[in-house]
Amino acid sequence: MDLFDYMRSTAQEKESPLASRMRPATLDEVVGQKHIIGRDKLLYRAIQADQLGSLIFYGPPGTGKTTLARVIANTTKASFRQINATVAGKKDMEEVVKEAKDALGMYGRKTILFVDEIHRFNKSQQDYLLPYVEDGTLILIGATTENPYFEVNGALLSRSRIFELKALEPEDVKELLFRAVQDPVKGMGSYRAELSGDAADFLADVSGGDARAALNALELGVLTTGRSEDGLIHITLAVAQECIQKRAVRYDKDGDSHYDTISAFIKSMRGSDPDAAVYYLARMLYAGEDIKFIARRIMICAAEDVGNADPQALCVAVSAAQAAERIGLPEAQIILSQAVTYVASAPKSNAACNAVFAAMEAVKNQRNMPVPAHLQDAHYRGAGKLGHGTGYKYAHDYPNHYVKQQYLPDGMEGQRFYQPTDMGYERKIRERLDFLRES
């Protein structure tokens, strides 16, 4: 490193964004992700022992993927190189491989290659790394916001351990915010700023577990807010809202607001009001509600309140849940809106829901009656010799693929659990069942 490189590096350390300056240097400084870097976890022990194999870090933005790579760089005795797949090409990888071979051959030192946004590499670029990962020339650490099982070559995956990083909990983000305000070296401590509890709660909640977004908003607030008469820079809730350009919505995820909103959301879908339903969807999304939680409520409503009046409703709800989780916000709001408006607009019937409740009640209150002999399995361990299955009529051998025979246990003949309505497709189901029962 020459003088100019040193000066540029020193300037970057001082002038880089707060989120970059606040990156932990050791494992003990890392906040959150205890499911993979708790003291008793494999990754923590491997980093401390400097015995790493190839790794893939997978998770949303701002959850610490690059941070963990930097911690490893500060901990390991191996050479550490970093490239970003959005700008790196084959030439960059060739240089890293050459240096890695030299380090291994001359000094017996391994090389860790950290590839940020590894999903941006195409198949041939990923294939290029494979033999060097295979023979130990490189220890690969990849970071990706995309599902690695879809975006990373199977051959690389089979040689790597995958660790999924979760969105940080609000308490984790708040810890980072207060640490940044108070730290006089890497943080904003020299500015004599004071972060209110309401502002910290808001930034931690609205950031959606993205520490970088919360720290960027805090830095903007400190740098653009004037000092008060007491000589301090007060980061209040109003300042926090301005910095992140989002109004605080009263939505306590553990309190009445949460339960009232989700209740209104479900009742609006059940009540066939798509306008109200999508409004409450927007309120929850704006306040940072978990999209998986929202998707679960849509699926339940599709089965419980729409049922067989429109069997497609559950298909739409399940597909939307899978798509929203795979794609993530902000695009997931479009997917959820489609599902919500479809379920809200669909004809309604809770007959299928009532059927299982009625059947459960019968099972609970009536004695456990045996399955009719002709419905019993005739193949298991020669059960046919005991008369099991004898007399069973195979429906497909009869006209209309139907034949009348007893299916409920003795003593329960004629009981009706499923009572189809006249709503939507269920009318056809009712008409067919009536026809079969009368024939």
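Note that the coordinates shown come from a computational prediction; the quantities given were computed from them, not determined experimentally. If you read the sequence from its start, that first residue is 1, and numbering goes on from there.
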Arg23 and Thr67: side chain donor to acceptor below 3.5 Å:
yes
Assess the side chains of Ser349 and Glu426: does a donor N or O sit below 3.5 Å from an acceptor N or O?
yes
What distance separates Leu138 CG from Leu130 CG, expressed to the nearest 0.5 Å?
11.0 Å
Please determine if Lys174 and Glu171 form a salt bridge, counting it only when a charged side-chain N lies under 4.0 Å from a carboxylate O.
yes
Would you call Asn153 and Lys123 a side-chain contact if the rule is heavy atoms closer than 4.5 Å?
yes
If you count heavy atoms of other groups shown closer than 6.0 angstrom to CZ of Arg179, is the number above 12?
yes
Evaluate the side-chain proximity of Phe121 to Ile83: yes if any heavy-atom separation is below 4.5 Å, no if none is.
yes
State plainly whether the residues Lys267 and Asp305 are in salt-bridge range, i.e. N to O under 4.0 Å.
no
I'd like to know whether CZ of Arg161 has more than 12 heavy-atom contacts from other residues, nucleotides or ligands below 6.0 angstrom.
no
When every non-hydrogen atom of Val340 is compared with those of Ala277, the smallest separation belongs to CG1-CB, 3.5 Å
What do you reckon, is CZ of Phe178 surrounded by more than 12 foreign heavy atoms closer than 6.0 Å?
yes
With side chains defined as the heavy atoms from C-beta onward, is the minimum distance between Thr111 and Glu99 less than 4.5 Å?
no
Of all the heavy-atom pairs spanning Arg21 and Lys186, show the shortest one and how long it is.
NE-O, 3.0 Å
Give a yes or no on this: more than 12 heavy atoms of other residues, nucleotides or ligands lie within 6.0 Å of atom CE of Met412.
yes
Do you know which two heavy atoms are closest between Leu195 and Ala200, and how far apart they sit?
CD2-CB, 3.8 Å
Heavy-atom neighbours of Glu325 CD exceed 12 at 6.0 Å:
no
For residues Lys101 and Val97, determine if any side-chain heavy atom of one lies less than 4.5 Å from a side-chain heavy atom of the other.
yes
Using a distance-only test with no angle check, is there a side-chain donor-acceptor pair under 3.5 angstrom linking Thr26 and Asp28?
no
Using a 4.5 Å cut-off on heavy atoms from C-beta on, say whether the side chain of Val152 contacts that of Tyr58.
no
Output yes when Glu289 and Arg297 qualify as a salt bridge under the 4.0 Å nitrogen-oxygen rule, no when they do not.
no
Would you say that more than 12 heavy atoms from the other residues, nucleotides or ligands in this model lie under 6.0 Å from the CZ of Phe417, or not?
yes
Identify the heavy atoms of Ala193 and Val222 that sit nearest to each other, and give their distance.
CB-CG2, 4.0 Å
For the atom pair CD1 (Ile139) and CD1 (Ile112), what is the distance rounded to the nearest 0.5 Å?
5.0 Å
For Gly136 and Leu104, the nearest pair of non-hydrogen atoms, with its separation, is O-CD2, 4.4 Å
How far does CZ of Phe114 sit from NZ of Lys65, to the nearest 0.5 angstrom?
8.5 Å
If you draw a 6.0 Å radius around CZ in Arg227, do more than 12 non-hydrogen atoms from other residues or ligands fall strictly inside?
yes
Just so I know, are the side chains of Ser79 and Arg109 near enough to count as touching, which here means a heavy-atom distance under 4.5 Å?
yes
Evaluate the side-chain contact (heavy atoms from CB on, under 4.5 Å) criterion for residues Arg326 and Phe150: first the C-alpha distance (whole Å), next the side-chain angles of each, then the deciding distance (0.1 Å), finally the verdict.
CA-CA 10 Å; Arg326 180 174 296 180; Phe150 292 102; 3.1 Å; yes
Give, for atom CD1 of Ile118 and atom CD of Gln126, the distance between the pair rounded to the nearest 0.5 Å.
5.5 Å
Atom of Ala339, atom of Ile298 and distance for their closest heavy-atom approach
CB-CG2, 4.1 Å
Relative to each other, are the rings of Phe163 and Phe57 parallel, tilted or perpendicular (30° and 60° limits)?
tilted
CD1-CG distance between Ile291 and Leu336, expressed to the nearest 0.5 angstrom
6.5 Å
Modelled atom types, side-chain donor and acceptor of Asp198 and Ser196, under 3.5 Å:
no
Using a 6.0 Å cut-off, check whether atom CD of Gln338 has over 12 heavy atoms from anything other than its own residue.
no
Nearest-0.5 Å distance that lies between atom CG in Leu281 and atom CD1 in Ile294:
5.5 Å
